[in-house]
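Here, residue 1 is the first one in the sequence, and each next residue gets the next number. For clarity, every value in this text was computed on a predicted model and none was experimentally measured.
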Amino acid sequence: MRTPSREISTVTTADVGVLCDIRDLPQSTGSIGCGAPLVRPDWGVSRRQRLRALDAIFLPMETSTQSLHVGSVLVFEGPAPDPAAFRDHVIAAVAAVPCLGRRAMPMPLDLGRPIWVDAPDSDPADRVHHVSLEESGQAGDDHLLRDLVCEVMARRLDPDQPLWELWQVDGLTGGRWAVIAKAHHTMVDGESGSDLVAALLTGDAAPPTDADGPTAHRRSAPTLAAQPAPTRTALVGDLLRWLCLLPLRTIRLLLRSLHDPRGARRRAAQVRYGLRQVLVPDLPPSVLTGPLGAQQVWGWTSTDLAPLARTVGAAGATVNDAYIAALTGGLRRFLIGRGEPVESIVVRAIVPVSRRASEVHRTRAEQLQPGNLASAMFVVLPVDLDDAPARLAVVAARTADQKARGVPAATAAVVRVADHIPAVLLARGARAYGHSGQGRVNLVASNVRGPATEQRLLGRRLLELIPWLPTAEEVRVSTAMVTCAGRLTIGITADGAALPDLDDLVVAVARELTDLAAAHGSA
């Protein structure tokens, strides 16, 4: 591919930002004796600053062939906005969202989990780029966009800078243009990434003015307290506090267990069950699992949501079940085409389950909370079945069984336990797990709900919202599904060396979506 010419020019979203827009929690207080407040000393590191364990492990798990950022590609109708106007819009939005100017600061000798601190010398313009495909001398079709997205996503984000990046891409065929949004998995999961994308968009058809654009965004955004980098004394004090409180935590845990032995046994059993779900390597070898190369390939397919909704409604299933069933059927077609034995192959997907509140009940602070709040299910895909409705029924039954057996709750318990593991051991464990060849799953199937109504950006209508998920941990195929304004889109990323024929899988999944949509009408 001939590389399109690039110019860095403050472009992109008023966006990525609002995602982290939350207020710090107040200092915790306790009481002693006669009710006098016991205020914890301020060591300069608040609990809200510190990364959760799940967020922190994504940084040490990155390698030269594994960049752990997630993203979206938003395709809009034309004409593309003027880069200068877009730049002004973005700068105003970033100024309104302090967390976009923060970086993850490691603790001394990695003896604690990293903390979010301000990066005052960081210029948002350095992470907002402009590309014109027309200047490359090639037609800006979807294939060229795919190549560009793979190139952008292959580059690791600078850990010493705020962990996001945005690209405005002009010159697509049909007068279209696009935005590539990219943020580190340390900052976002699927749900908060969806909130990030939603922050870019509006249902208003008119281009924003000073009254309803960046200025209004700045007025409506909650204000975050500054998070300057702690002094070395504060960092040492924080580590000493953690060490001093460790015996107290142990004693508290023992007293709690003695007070409620049945509850303690239940919680311990839940953690053991969650660990078995995550750690037991029981998959036979297959083309879907193995060492990853440096090149990733990516594609997508989309369809109208309404026919699928009718099918899943008639089958007593969910849209997520239909998505997993479409992957099942698509993989069956794909593997048969490659001569793989679908009767004996085991395909187990890890399906993230959000632990955030529902959209209706979430406050704005909860919607914009950074980091990862997810548990998981582990669903074996029935690639041996040759009937689409039968595959949907089996997938629906297996996802229901995973929930009934408490698998999401068990994996969430494991994540909570990780918050109490010393950071050094946590980082070493994450690296060891990454190097061991996990052997537990060979497919990722993430599901995100996007905006339900038609969306616009600077007055331009959103035509497609396409998710990107990286390959990782010897899983050679990662998929993500997003619903937006009556459309369902599935993005598929694969290891380029092992699966250079990804286009065949994308076509096969598209055919499965068509078959599932037609199943209700033929029933």
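From F378, atom CZ reaches atom OG1 of T411 across 6.0 Å, with rounding to the nearest 0.5 Å. Here the CZ-CG distance, from R103 to D160, works out to 6.0 Å after rounding to the nearest 0.5 Å. If you take CG on L385 and CD on E343, they are separated by 10.5 Å, rounding to the nearest 0.5 Å. Atom CD1 of residue I490 and atom OH of residue Y323 lie 6.5 Å apart, to the nearest 0.5 angstrom. Residue R333 holds its CZ atom at 10.5 Å from CG of D386, rounded to the nearest 0.5 Å. How far CZ of R50 is from CG of D55: 13.0 Å, rounded to the nearest 0.5 Å.
Summarising the geometry of L513 relative to A326, their closest heavy-atom pair is CD2-CB, 3.6 Å, with the distance given to 0.1 Å. Between A104 and L163, the shortest heavy-atom contact is CB-CD1, 4.5 Å. Closest non-hydrogen pair, V475 versus L292, comes out as O-CD2, 3.9 Å. Of all heavy-atom pairs between P291 and D495, the closest is O-OD2, 4.5 Å. Heavy atoms only, all atoms of each residue included: G299 and L502 are closest at N-CD2, 3.7 Å. Considering all non-hydrogen atoms of both residues, V70 and H185 come closest at CG1-CD2, 3.9 Å.
A parallel orientation is assigned to the rings of F76 and W177, their planes being inclined by less than 30° (bins at 30° and 60°).
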Derivation and outcome, salt bridge (charged side-chain N to carboxylate O under 4.0 Å, His left out), residues D515 and R391: CA-CA 12 Å; D515 288 352; R391 287 192 292 267; 5.8 Å; no
Test log, rule side chain to side chain contact (heavy atoms under 4.5 Å, CB included), inputs M481 and T483: CA-CA 7 Å; M481 182 267 283; T483 55; 3.7 Å; yes
Evaluation steps, side chain to side chain contact (heavy atoms under 4.5 Å, CB included), between M153 and T493: CA-CA 11 Å; M153 294 298 185; T493 312; over 6 Å; no
CA sep, side-chain torsions, deciding dist, call: R156, E165, salt bridge (charged side-chain N to carboxylate O under 4.0 Å, His left out): CA-CA 10 Å; R156 293 178 64 179; E165 187 176 78; over 6 Å; no
Criterion side chain to side chain contact (heavy atoms under 4.5 Å, CB included) on V395 and T399, from CA distance to verdict: CA-CA 6 Å; V395 165; T399 57; 4.3 Å; yes
Criterion side chain to side chain contact (heavy atoms under 4.5 Å, CB included) on K182 and R127, from CA distance to verdict: CA-CA 10 Å; K182 171 181 171 182; R127 289 177 303 285; over 6 Å; no
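Between the side chains of T471 and Q296, a donor-acceptor pair is found at a separation under 3.5 Å. Remark: the H184 side chain and the E62 side chain contain an N/O donor-acceptor pair separated by less than 3.5 Å. Between T453 and Q455, the side chains place a donor N or O and an acceptor N or O closer than 3.5 Å (distance only, hydrogens not considered).
At least one donor-acceptor pair closer than 3.5 Å links the side chain of R146 to the backbone N or O of W298. Put simply, the side chain of R460 never gets that close to the backbone of L457: no donor and acceptor are under 3.5 Å apart. Not one N or O on the side chain of D304 forms a donor-acceptor pair closer than 3.5 Å with the backbone of A306. Formation of a donor-acceptor pair under 3.5 Å by the S67 side chain with backbone atoms of H69 is not found in this model. The backbone N or O of P285 sits nowhere less than 3.5 Å from a side-chain atom of T289 that would complete a donor-acceptor pair. A distance-only check finds a donor-acceptor pair linking the side chain of R398 to the backbone of V380 [under 3.5 Å]. Panel note: side chain R476, backbone N442; no donor-acceptor pair is recorded below 3.5 Å. The backbone N or O of V444 sits less than 3.5 Å from a side-chain atom of T479, completing a donor-acceptor pair.
Counting heavy atoms from C-beta outward, L462 and L74 have side chains that approach closer than 4.5 Å. For the pair P500 and Q295, the minimum side-chain heavy-atom distance is 4.5 Å or more. At a threshold of 4.5 Å between non-hydrogen side-chain atoms, the residues T328 and E512 do not count as touching. K403 has its side chain out of reach of V353: every pair of non-hydrogen atoms, C-beta onward, lies at least 4.5 Å apart. Looking at heavy atoms from C-beta onward, W116 lies in side-chain contact with L51 at the 4.5 angstrom threshold. Side-chain contact check for V152 versus V131: every heavy-atom pair is 4.5 Å or farther apart. Taking 4.5 Å as the limit, every side-chain heavy atom of L331 sits out of range of all side-chain heavy atoms of V477. Side chains of L335 and V287 form a contact here, defined as non-hydrogen atoms less than 4.5 Å apart.
For the side chain to side chain contact (heavy atoms under 4.5 Å, CB included) with L308, the lone residue among T303, V319, T514 that qualifies is T303. The only option from N320, D321, T318 that meets the side chain to side chain donor-acceptor pair (under 3.5 Å) definition with N447 turns out to be N320.
With sequence neighbours excluded, no residue forms a side chain to side chain contact (heavy atoms under 4.5 Å, CB included) with A485.
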Using distance only, find each side-chain donor-acceptor pair of residues 463-470 under 3.5 Å and give its atom names and separation, not counting sequence neighbours.
| unit_1 | atom_1 | unit_2 | atom_2 | d |
| --- | --- | --- | --- | --- |
| E464 | OE2 | W300 | NE1 | 3.2 |

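The number of heavy atoms from other shown groups lying within 6.0 Å of CZ (R348) is above 12.
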